[in-house]
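Reviewing the structure listed below.
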Amino acid sequence: MRTKHTKQGTYTAGYRAMLHFHKQTENANVVFGLYLLLSASCVSSMRQHVVNCTKTNYPTVPCHFPSDTTVLDLSHNSIEKVFRQDFSSVTGLKQLFLPFNSISFLAIDAFQDNVDLELLDISHNCLNEISALPIGSFLAMKDLDVSNNKYTEITLGQEFKKMKNLEILKLGSPQISSLKANTFSELEGLQLKEFHLITGEINEYDGALTKISGLKKLTLELNIWEHLDLLKSLLTDVANATDALKIMNINLIKSGHYIPLGSFMEYSQMKTFVMQNISADGNYISDVILFIFSSNIEEIQIIDSHSIGTFTPKIRRFTKMNLKRIYLENLDNPHFIIFSPMSEMKKFFSYLTHLIIINWQIFYFPCLISDSLTSLEILDLSRNRLSESVAFPKCQAPFPNVRSFIINNNFFKDLALLGNATSHMIKLVNLLASSNNIILNTEFAINWTKSLLNLNLSMNLITGDVFSFLPDNLEVLDLSFNRISSVTHIGKMKRLQVVHLSGNNILTLAEMASLSSVRVFHADRNRIQKINQHFLETFAFNELNLGNNPFVCDCNIKDAANYFGSTSATVVGWPSEYTCDSPSYLNGTEIHLISFSLATCHPGFTAVISIVVILTTVIACALIYKKNKHFGYHHISFNLTSQNDVAI
């Protein structure tokens with residue numbers, strides 16, 4: 001079963017995870033910070049009884065949810081109507097997910113028995129009006145999503161005012177074309193933290209959003225391209241309504257006329273501004289940059305943007321800039337955005353602490369910019385077209401104070417050049433260079449920065465004795481899916497806690513035995529044939545993965561199987577991914593099902609037992625013979641004599 005994903009926050013999931021990981025490394029304990037976080041999440045989930053019946057054709061196919069169910073997911077089914085008896089048995093229900101059904105009717109008492117209901121997602125259904133919701137039963141409601149239904153106008157009844165606990169509200173649909181002055185008047189007085197509004201091409205706007213204020217996050221999914229003058233009024237009205245504003249699905253070039261929009265930011269108190277799925281040209285990009293300098297905005301995100309042509313940034317003179325974080329992901333521009341860095345940019349870039357540019361087809365990073373990023377802590381340049389020569393083009397000291405440097409999915413090739421480029425980065429903790437074309441092509445030591453704790457070189461082309469050329473002080477090392485055939489000289493890394501070696505050609509792990517500090521170890525999908533129980537018991541693993549290796553199932557495999565079955569560590573893939581490769585008659589058999597006779601596994605012991613049995617038998621026979629000779633020999637002789645006498 002799975003729990004339903006919560007509403008998205010200001011950041012995208014990848015960005016949020018990276019920021020959290022960066023925060024963990026600031027405490028110099030990457031591994032156990034994440035481990036404790038996951039443990040806490042598991043404990044939290046265990047306190048809830050989650051039932052998932054998504055995509056089961058409910059109610060045609062029944063779904064059993066016990067009376068103690070707290071989270072129920074019935075999304076992507078064929079529900080048409082909801083009555084009280086449908087959920088009357090789950091009185092402790094807190095979260096109910098009903099999106100992507102065909103619901104057109106809700107009984108007025110549909111949730112009368114669910115007084116603890118805090119989250120209801122009834123989006124993507126067939127409700128003709130929002131007032132059809134049984135709001136009277138929503139006194140505990142915190143999160144309500146009624147978006148993307150069939151209503152063509154937003155009408156909120158007075159019942160909305162009763163939802164005093166409501167924090168998150170999502171409503172609207174692409175059919176909405178009018179926002180009148182009183183559209184959101186019933187939301188006044190509510191302590192909303194997040195509000196998500198969806199509209200179509202708006203042709204009437206009378207200041208409806210002036211009723212919204214005090215938000216942490218406001219998302220406007222507007223689908224506008226023609227009435228850009230109304231868009232300008234709308235943005236002006238929300239300039240001070242929220243800490244974070246996200247605008248989505250706007251085409252600023254389709255109409256063919258330019259209306260400047262950026263001025264709303266100049267006097268706004270918002271801290272975060274996000275644009276997603278926006279089509280624009282250089283004029284709008286320059287407009288946004290121009291007003292950022294005099295705004296209070298600390299973070300800007302541009303996601304899934306579509307642009308045309310080139311632009312020249314307009315840099316104002318400024319004494320202080322509030323912008324600290326820039327996130328850019330997925331640029332669609334067949335001509336790319338080309339500009340020459342200007343000297344005025346040096347001060348601009350010196351303020352940034354986070355710079356994330358993902359999939360923007362970047363093929364060059366000028367020294368004027370990289371040397372100016374003196375405050376930068378996180379740099380993510382994943383999925384671009386960079387290599388060593390264009391990322392570090394003989395710059396003086398690029399990215400000098402960066403702590404997390406992420407260059408996944410680029411064209412880096414030389415491990416030595418990459419490692420030596422970090423030598424001046426005295427605060428670098430995390431270096432992630434997965435999915436490049438990196439090889440080891442040196443006989444000399446690599447001058448890594450001494451601060452590096454986490455190194456990810458997975459999905460590259462590395463062969464040979466790579467461990468000799470890696471820094472000694474690593475705590476996390478990922479060399480998964482390379483071409484490594486042996487693990488040598490890894491014993492020097494006494495601080496290693498997490499090691500990933502999946503998907504290589506490794507035959508033995510003998511040298512790993514000296515690294516008792518390792519808590520998470522993955523070496524699945526290699527060529528390991530033997531597993532030594534003594535080797536496993538030298539570690540205090542929290543997580544272990546040795547599955548999908550070609551195990552030789554001899555007598556020793558049973559000891560390893562006993563370890564996997566009894567250890568308190570999480571054994572990934574156990575038992576289905578731990579199978580015999582040879583001998584052929586056991587191929588594909590799970591190792592925990594294998595058993596051998598005592599004679600097969602301990603022939604020497606059996607031989608000793610046999611000898612002891614034979615000797616015991618011989619001695620016993622000898623004693624019997626001696627005893628019989630002493631007492632029974634004359635008796636036998638007498639009988640023979642008697643018989644002879646009779647015969648005669």
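Since the structure is predicted, the reported quantities are computational estimates derived from the model, not experimental observations. The basis for the numbers below is simple: all heavy atoms, side chains too, and nothing from hydrogens, waters or symmetry mates.
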_Please find the pair of heavy atoms, one from N384 and one from F411, that lie closest to each other, and give the distance._
O-CE1, 3.8 Å
*Main-chain N/O of L479 paired to N504 side chain as donor or acceptor, under 3.5 Å*: yes
_Donor-acceptor under 3.5 Å (N505 side chain, R527 main chain)_ = no
*asked:* Applying side chain to side chain donor-acceptor pair (under 3.5 Å) to N330 and D304, what does each step give before you reach the verdict?
replied: CA-CA 5 Å; N330 299 336; D304 301 328; 2.9 Å; yes
*Which value, rounded to the nearest 0.5 Å, describes the distance between K55 atom NZ and H76 atom NE2?*
5.5 Å
*List the steps, then state whether side chain to side chain contact (heavy atoms under 4.5 Å, CB included) holds for H592 with Y578.*
CA-CA 8 Å; H592 72 105; Y578 294 72; over 6 Å; no
*Apply the side chain to side chain contact (heavy atoms under 4.5 Å, CB included) test between L455 and each candidate in N430, L470, T422; give the one that qualifies.*
L470
*asked:* Is any side-chain heavy atom of V572 closer than 4.5 Å to one of D524?
replied: no
_Polar side-chain atom of K558 near backbone of S595 as donor-acceptor pair, under 3.5 Å_ = no
*So, are E475 and R495 salt-bridged, with charged N and O less than 4.0 Å apart?*
yes
*Are Q533 and N556 close enough that some pair of their side-chain heavy atoms sits under 4.5 Å apart?*
no
*asked:* On a heavy-atom basis, which atom in L381 and which in N410 lie closest, and how many Å separate them?
replied: O-ND2, 2.9 Å
*Working to the nearest 0.5 Å, report the span between CD of Q361 and CG of D332.*
10.0 Å
*Any donor-acceptor pair under 3.5 Å from D143 side chain to D145 backbone*: no
*Taking it one step at a time, do K530 and V552 satisfy side chain to side chain contact (heavy atoms under 4.5 Å, CB included)?*
CA-CA 6 Å; K530 302 278 187 177; V552 174; 4.0 Å; yes
*Only one of V498, L474, L428, V476 clears side chain to side chain contact (heavy atoms under 4.5 Å, CB included) with N454; which?*
V476
*So does D121 pair up with K170, basic N to acidic O under 4.0 Å?*
no
*Does a side-chain heavy-atom distance below 4.5 Å link Y364 with P393?*
yes
*Is it true that atom CG of N441 has more than 12 heavy atoms of other residues, nucleotides or ligands lying nearer than 6.0 Å?*
no
*Exam field: side chain D414 to backbone A416, donor-acceptor pair closer than 3.5 Å*: yes
*Taking atom CD1 of I490 and atom OG1 of T488, what is their separation to the nearest 0.5 Å?*
9.0 Å
*Answer yes or no: are there more than 12 heavy-atom neighbours, outside K450 itself, under 6.0 Å from its atom NZ?*
no
*Just do the side chain to side chain donor-acceptor pair (under 3.5 Å) check on N408 and S434 with the steps written out, would you?*
CA-CA 5 Å; N408 299 330; S434 177; 4.6 Å; no
*asked:* In the structure I gave you, are the side-chain heavy atoms of T567 and W574 within less than 4.5 Å of one another anywhere?
replied: no
_For the aromatic rings, using the six-membered ring if either is Trp, is the centroid distance between F399 and F365 under 6.0 Å?_
yes
_Minimal non-hydrogen separation, F469 against W448, with atom names_ = O-NE1, 2.7 Å
*Determine yes or no for a side-chain-to-main-chain donor-acceptor pair under 3.5 angstrom, with N460 supplying the side chain and N482 the backbone.*
no
*Around atom NZ of K142, are there more than 12 heavy atoms of other residues, nucleotides or ligands at under 6.0 Å?*
no
_Main-chain N/O of V429 paired with S451 side-chain donor or acceptor, under 3.5 Å_ = no
*Describe, in one word, how the ring planes of F535 and F539 are oriented to each other, choosing from parallel (under 30°), tilted (30 to 60°) and perpendicular (over 60°).*
perpendicular
*Evaluate the side-chain proximity of I79 to P59: yes if any heavy-atom separation is below 4.5 Å, no if none is.*
yes
*Whether N473 side chain and L452 backbone form a donor-acceptor pair below 3.5 Å*: yes
*After noting the C-alpha distance and the side-chain angles of N57 and S78, does the key distance pass the side chain to side chain donor-acceptor pair (under 3.5 Å) rule?*
CA-CA 6 Å; N57 198 26; S78 51; 3.3 Å; yes
*Would you say the side chain of I484 lies within less than 4.5 Å of the side chain of F467, judging by non-hydrogen atoms?*
yes
*Report, as yes or no, whether the 6.0 Å neighbourhood of atom NZ on K413 holds more than 12 heavy atoms from other residues, nucleotides or ligands.*
no
_Value rounded to 0.5 Å, distance of CG in D581 from OG1 in T589_ = 11.0 Å
*Dump the intermediate steps for side chain to side chain contact (heavy atoms under 4.5 Å, CB included) on L386 and F412, then the final yes or no.*
CA-CA 7 Å; L386 295 169; F412 290 88; 4.1 Å; yes
*Decide side chain to side chain contact (heavy atoms under 4.5 Å, CB included) for Y327 and D380; before the verdict, give the C-alpha distance in whole Å, the side-chain angles of both, and the deciding distance to 0.1 Å.*
CA-CA 9 Å; Y327 182 106; D380 189 343; over 6 Å; no
*Euclidean distance, N447 CG relative to S423 OG, rounded to 0.5 Å*: 4.5 Å
*Expected output: side-chain H424 to main-chain P398 donor-acceptor under 3.5 Å*: yes
*Do the non-hydrogen side-chain atoms of L501 and F521 ever get within less than 4.5 Å of each other?*
yes
*Nearest 0.5 Å please: distance from the CG atom of L546 over to the CD atom of E577.*
11.0 Å
_Closest non-hydrogen atom pair between C553 and I591, with its separation_ = SG-CG2, 4.0 Å
_Distance-minimising heavy-atom pair for F87 and N114_ = O-ND2, 3.0 Å
*Does the N409 side chain pair with the main chain of N359, one donor and one acceptor, at a distance under 3.5 Å?*
no
*Measure the shortest side-chain to side-chain distance between M459 and S480 over non-hydrogen atoms and say whether it is less than 4.5 angstrom.*
no
*Between C580 and L586, which heavy-atom pair has the shortest distance, and what is it?*
CB-O, 3.2 Å
*asked:* Is it true that S75 and T54 share a donor-acceptor pair across their side chains at a distance under 3.5 Å?
replied: yes
*Output, in order, the C-alpha distance, side-chain angles, deciding distance and verdict of side chain to side chain donor-acceptor pair (under 3.5 Å) for E511 and H489.*
CA-CA 8 Å; E511 193 164 329; H489 300 100; 5.4 Å; no
*Of N542, L544, V499, the residue whose pairing with V518 passes side chain to side chain contact (heavy atoms under 4.5 Å, CB included)*: V499
